[in-house]
Amino acid sequence: MNGIHDMGGVHGYGPIIREEDEPVFHHEWEGKALALARTGLAGGHFNLDEFRHAMERIPPVEYLSISYYERWLEGTLMMLAEKGVLSGEEFQARLDEMSGDALSGDGA
Amino acid sequence: MTSDNDVALRVRALESLLLEKGLVEAPAIDEIIDLFENRLGPQNGAKVIARAWSDPDFKARLLANATDAIVEMGYEAVQGEDMVVVENTAQVHNIVVCTLCSCFPWATLGLPPVWYKSAPYRARAASDPRGVLAEFGTDIAAEAEVRVWDSNAELRYMVLPERPAGSESLDEEALVALVTRDSMIGVTRALNP
């Protein structure tokens, strides 16, 4: 499947930005996001190809807007919902509860 | 699109649900983070390259069957992937990319840097590798061939850089210090002693 992820040869993305002495993770949540995806894989809830395909199904504008480990998080959430492990509603309810904003109805 | 605080909250929400459901255990999360932060990384790949520079038999095994040669040094594949090592010479310069995402030899190089996963590198390494190499300060002779290797989940590439001139007297341990992550991706050469 081609799509926004299929970037080989695309023009216009500009220079390559590099960081000296880059840390493995820039935020604690990045390591957690990777670990949660890998435990989902290890637990047999989804396989690596399905997971990669989930990330490739993130809508193109969003794919380009979010960071790498955010794609991992969204891919994991998509997989867990599609496999019946954790519904989007249940996740949203927990998110609302944790953010103290039970009125938020935006499930994006 | 979302701030780091929002993402951090989303990750915490997912973590709390998976912990409650018994699908994840906290020590397993810590173990995975420790593996990637502390145990996997280019320090492993550098030892493989230094061995190849020092031991012709190992180099032959590495180029013939990198998966087995790397396991021989104690670095097991993390995702069950096969490895291919390609050798840089005066005539051929190899560079590695993953145009579709971020495939990288985790066992020997760890997680990829942000630039490797970024759109500009994924796009241009494929279409303008000499331009990318110049951006990294790596000049390649016009008559040399540049080969680009597009990694995938099942098959991941690592570059065996040219052993730098002036390193002839160095032993394997000293050679390790000359091998950088970027030289094993192929965007730069190994350091000069």
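Just so you know, these numbers use all the heavy atoms, side chains as well, and skip hydrogens, waters and symmetry mates.
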Engineer: Mind ranking Tyr116(B), Tyr121(B), Phe36(B) by heavy-atom pairs under 4.5 Å with chain A and telling me who comes out on top?
Structural biologist: Phe36(B)

Engineer: Sort out for me which of Glu37(B), Arg12(B), Glu31(B), Glu25(B) touches chain A most, counting heavy-atom pairs under 4.5 Å.
Structural biologist: Glu37(B)

Engineer: I'd like to know which of Val132(B), Val148(B), Leu111(B) tops the heavy-atom pair count under 4.5 Å against chain A.
Structural biologist: Leu111(B)

Engineer: Could Glu90(A) and Lys21(B) be called an ion pair, given the rule that one side-chain N must be under 4.0 Å from one carboxylate O?
Structural biologist: yes

Engineer: Top residue by heavy-atom pair count (under 4.5 Å) with chain A, among Ser102(B), Gly131(B), Gly110(B)?
Structural biologist: Ser102(B)

Engineer: Measure Leu41(A) against the heavy atoms of chain B and call it side chain, backbone, both or neither at under 4.5 Å.
Structural biologist: neither

Engineer: What pair of heavy atoms forms the shortest contact from Arg52(A) to Ala153(B), and how long is it?
Structural biologist: NH1-CB, 3.0 Å

Engineer: Do His26(A) and Val114(B) pass the side chain to side chain contact (heavy atoms under 4.5 Å, CB included) test, and can you show the C-alpha distance, the side-chain angles, and the key distance before you say yes or no?
Structural biologist: CA-CA 10 Å; His26(A) 290 76; Val114(B) 167; 3.7 Å; yes

Engineer: Can a salt bridge be assigned to the pair Glu74(A) and Arg10(B) using a cut-off of 4.0 Å between side-chain N and carboxylate O?
Structural biologist: yes

Engineer: Just verifying a value: how many Å separate Ile32(B) CD1 and Thr39(A) OG1, rounded to the nearest 0.5 Å?
Structural biologist: 5.5 Å

Engineer: So, do Arg94(A) and Ser16(B) sit near enough that their side-chain heavy atoms are less than 4.5 Å apart?
Structural biologist: yes

Engineer: Might you work through the side chain to side chain contact (heavy atoms under 4.5 Å, CB included) test for Asn38(B) and Val24(A), ending with a clear yes or no?
Structural biologist: CA-CA 9 Å; Asn38(B) 301 315; Val24(A) 174; over 6 Å; no

Engineer: Determine the minimum heavy-atom distance between Arg71(A) and Lys117(B), stating which atoms define it.
Structural biologist: NH2-O, 4.3 Å

Engineer: Please flag which part of Tyr63(A) lies under 4.5 Å from any non-hydrogen atom of chain B: side chain, backbone, both or neither.
Structural biologist: side chain

Engineer: Does the structure place the NZ or CZ of Arg18(A) under 6.0 Å from the centre of the six-membered ring of Phe136(B), at an angle of no more than 45° from the ring's axis?
Structural biologist: yes

Engineer: Among Leu48(A), Leu73(A), Val85(A), Ile17(A), who wins on heavy-atom pairs under 4.5 Å with chain B?
Structural biologist: Leu73(A)

Engineer: Rounded to the nearest 0.5 Å, what's the gap from CG on Leu34(A) to CD1 on Ile33(B)? Could you check?
Structural biologist: 8.0 Å

Engineer: Any chance you could measure Leu100(B), atom CG, to Met7(A), atom CE, to the nearest 0.5 Å?
Structural biologist: 10.0 Å

Engineer: In terms of heavy-atom pairs under 4.5 Å with chain B, which of Gly14(A), Pro23(A), Gly31(A), Gly9(A) leads?
Structural biologist: Gly9(A)

Engineer: Walk me through whether Leu80(A) and Leu14(B) qualify under side chain to side chain contact (heavy atoms under 4.5 Å, CB included).
Structural biologist: CA-CA 10 Å; Leu80(A) 293 174; Leu14(B) 176 60; 3.8 Å; yes

Engineer: Considering only heavy atoms, which portion of Leu18(B) lies under 4.5 Å from any heavy atom of chain A: side chain, backbone, both, or neither?
Structural biologist: side chain

Engineer: Is the backbone N or O of Leu36(A) less than 3.5 Å from a side-chain atom of Glu15(B), with the two atoms forming a donor-acceptor pair by type?
Structural biologist: no

Engineer: Grab the two heavy atoms, one from Ala126(B) and one from Gly8(A), that are nearest each other, plus how far apart they are.
Structural biologist: CB-CA, 4.0 Å

Engineer: Measuring from atom SG of Cys101(B) to atom OH of Tyr68(A), what distance do you get when rounded to the nearest 0.5 angstrom?
Structural biologist: 4.5 Å

Engineer: Checking Arg124(B) side chain against Val10(A) main chain: does a donor-acceptor pair fall under 3.5 Å?
Structural biologist: no

Engineer: Who wins among Gly43(A), Ala33(A), Pro15(A) for the most heavy-atom pairs under 4.5 Å with chain B?
Structural biologist: Pro15(A)

Engineer: Measure from the side-chain N and O atoms of Glu135(B) to the backbone N and O of Ile16(A), and report whether any donor-acceptor pair falls under 3.5 Å.
Structural biologist: yes

Engineer: Quick one, His27(A) and Val7(B) - any side-chain contact, counting heavy atoms below 4.5 Å?
Structural biologist: no

